[in-house]
Amino acid sequence: MIVALPQHDIGIREVAALSARLAYVFMCLTLSWGILTYTGWIKRLTGHQAIRSSHMILATFTIATGFTHAIVFLLLREQGLNTFGILVPFSGQLRHTMGIIGLELMTAILISTGLRRFIRYSRWLRFHQFAYPAVAMTVIHSWFGSIHNGHLGYLWLGGITVLTPAVTLTLLRFLPPRILTRAGLLAGVPQAAETQMAVVEPPVVTPRMGRKVQVSVDNQRCKRYGICQAESPQLFQLMEDGRLRYVRDPDTASRAQAQAAARVCPMQAIQLQEVRTR
């Protein structure tokens with residue numbers, strides 16, 4: 001038996017569908033732009049630094065359209081949801097739970113960004129990485145919601161188009177640096193001259209045959225974001241007074257970690273110089 005919906009509800013559902021599609025697209029764009037900014041690949045491809053505020057704008061649009069999608073269900077006259085149903089996970093179907101958790105987690109991450117000056121960066125960054133499972137849960141919500149509403153065709157045509165680069169960049173983000181170097185996505189160790197040092201703490205290195213790198217940091221370019229510490233905490237440490245302490249002569253085993261830190265620095269302030277040892 002097919003029940004005809006009132007015109008009011010038909011219009012509300014159209015708004016819900018449109019806001020859901022916009023949120024889906026903005027979410028994929030936010031993820032892609034964030035990875036391109038975080039890894040410094042924008043500079044490698046274009047020669048220009050990525051604008052981090054653009055990532056924030058896309059994230060804000062994602063959350064705004066996501067909340068619009070949720071709130072309009074309160075306006076339905078037939079089979080509408082209440083406030084408890086759109087805010088509390090596990091109160092409805094699994095696809096609703098995934099969407100609620102994903103959206104609320106993204107909102108918490110966005111709020112924490114505004115409070116970052118009061119939070120230790122390493123802790124904030126670990127919390128920020130919950131954005132990846134949040135996106136995954138929201139994608140699952142979108143797909144199952146489209147299947148339920150008979151709109152799967154839109155996701156096959158447009159959804160996969162924007163999801164594919166987002167997934168690809170996410171996988172590349174977590175691949176080991178040596179694989180990215182072989183694929184040409186990560187530059188090898190440059191033969192760069194040493195620049196002005198920050199606080200240096202050289203380790204004791206046992207002489208042996210091999211190839212290693214020397215690390216230097218350009219203090220004029222370094223903005224103390226601490227991303228290098230998050231990527232390679234054994235080589236880089238941001239001090240409480242704002243200074244950057246790092247290992248100038250890491251051992252051969254830490255070569256990949258040094259490359260990873262140089263890759264993710266948004267200001268490209270970390271330079272590596274290859275040296276030979278005996």
Side-chain angles (χ1 to χ4, degrees), residues 34-45 49-50 52 116 120-132 168-278:
I35 293 175
L36 289 172
T37 301
Y38 182 86
T39 57
W41 283 337
I42 286 288
K43 178 175 175 59
R44 176 170 170 78
L45 294 173
Q49 297 290 348
R52 301 178 71 85
R116 199 177 73 178
R120 193 166 185 174
Y121 184 82
S122 58
R123 295 178 180 176
W124 174 84
L125 186 61
R126 283 195 294 270
F127 180 63
H128 186 271
Q129 290 173 345
F130 279 104
Y132 293 104
T168 301
L169 287 172
T170 302
L171 294 176
L172 291 175
R173 165 68 184 87
F174 292 102
L175 283 178
R178 62 179 182 276
I179 297 179
L180 296 176
T181 302
R182 292 174 184 174
L185 296 172
L186 175 61
V189 179
Q191 299 292 337
E194 295 186 5
T195 56
Q196 184 181 4
M197 298 294 120
V199 179
V200 181
E201 195 173 78
V204 177
V205 181
T206 302
R208 60 179 178 176
M209 291 297 294
R211 301 170 67 185
K212 64 175 187 175
V213 295
Q214 287 186 341
V215 180
S216 62
V217 176
D218 187 344
N219 286 331
Q220 300 300 319
R221 303 187 67 176
C222 179
K223 300 301 182 184
R224 308 300 191 270
Y225 290 130
I227 297 178
C228 55
Q229 174 181 318
E231 191 73 19
S232 304
Q234 70 276 24
L235 298 181
F236 298 88
Q237 183 180 6
L238 193 61
M239 309 300 291
E240 294 293 339
D241 58 5
R243 293 182 298 165
L244 178 67
R245 173 175 292 173
Y246 64 94
V247 177
R248 177 181 176 182
D249 296 306
D251 56 26
T252 305
S254 300
R255 176 189 177 98
Q257 285 74 22
Q259 284 182 288
R263 178 194 69 185
V264 301
C265 177
M267 303 308 297
Q268 298 294 290
I270 301 174
Q271 298 181 354
L272 307 179
Q273 183 177 7
E274 188 175 277
V275 296
R276 293 184 180 274
T277 60
R278 293 184 178 180

Practice item. Test side-chain contact (heavy atoms from CB on, under 4.5 Å) on Glu274 and Arg255 and set out the steps. Key: CA-CA 10 Å; Glu274 188 175 277; Arg255 176 189 177 98; 3.0 Å; yes
How close do [X] and [Y] get, heavy atom to heavy atom, and via which atoms?
| X | Y | value |
| --- | --- | --- |
| Ser232 | Ala261 | OG-CB, 3.8 Å |
| Pro250 | Ser254 | CB-CB, 3.9 Å |
| Cys222 | Leu244 | SG-CD2, 4.3 Å |

Exercise for review: Using the side-chain contact (heavy atoms from CB on, under 4.5 Å) rule, take Val215 and Arg248 through it: C-alpha gap first, then chi angles, then the decisive distance, then the call.
Suggested key: CA-CA 5 Å; Val215 180; Arg248 177 181 176 182; 5.5 Å; no
Check your understanding: Between Gln234 and Gln257, does a side-chain contact (heavy atoms from CB on, under 4.5 Å) hold up when you go through it step by step?
Key -> CA-CA 9 Å; Gln234 70 276 24; Gln257 285 74 22; 2.8 Å; yes
Give, for atom [atom1] of [X] and atom [atom2] of [Y], the distance between the pair rounded to the nearest 0.5 Å.
| X | Y | atom1 | atom2 | answer |
| --- | --- | --- | --- | --- |
| Ile270 | Ser216 | CD1 | OG | 9.0 Å |
| Gln259 | Arg263 | CD | CZ | 9.5 Å |
| Cys228 | Gln237 | SG | CD | 10.5 Å |
| Asp249 | Gln214 | CG | CD | 4.5 Å |
| Gln271 | Gln273 | CD | CD | 9.5 Å |
| Gln229 | Tyr246 | CD | OH | 15.0 Å |

Check your understanding: So does Tyr132 have more than 12 non-hydrogen atoms from other groups sitting under 6.0 Å from OH?
Key -> yes
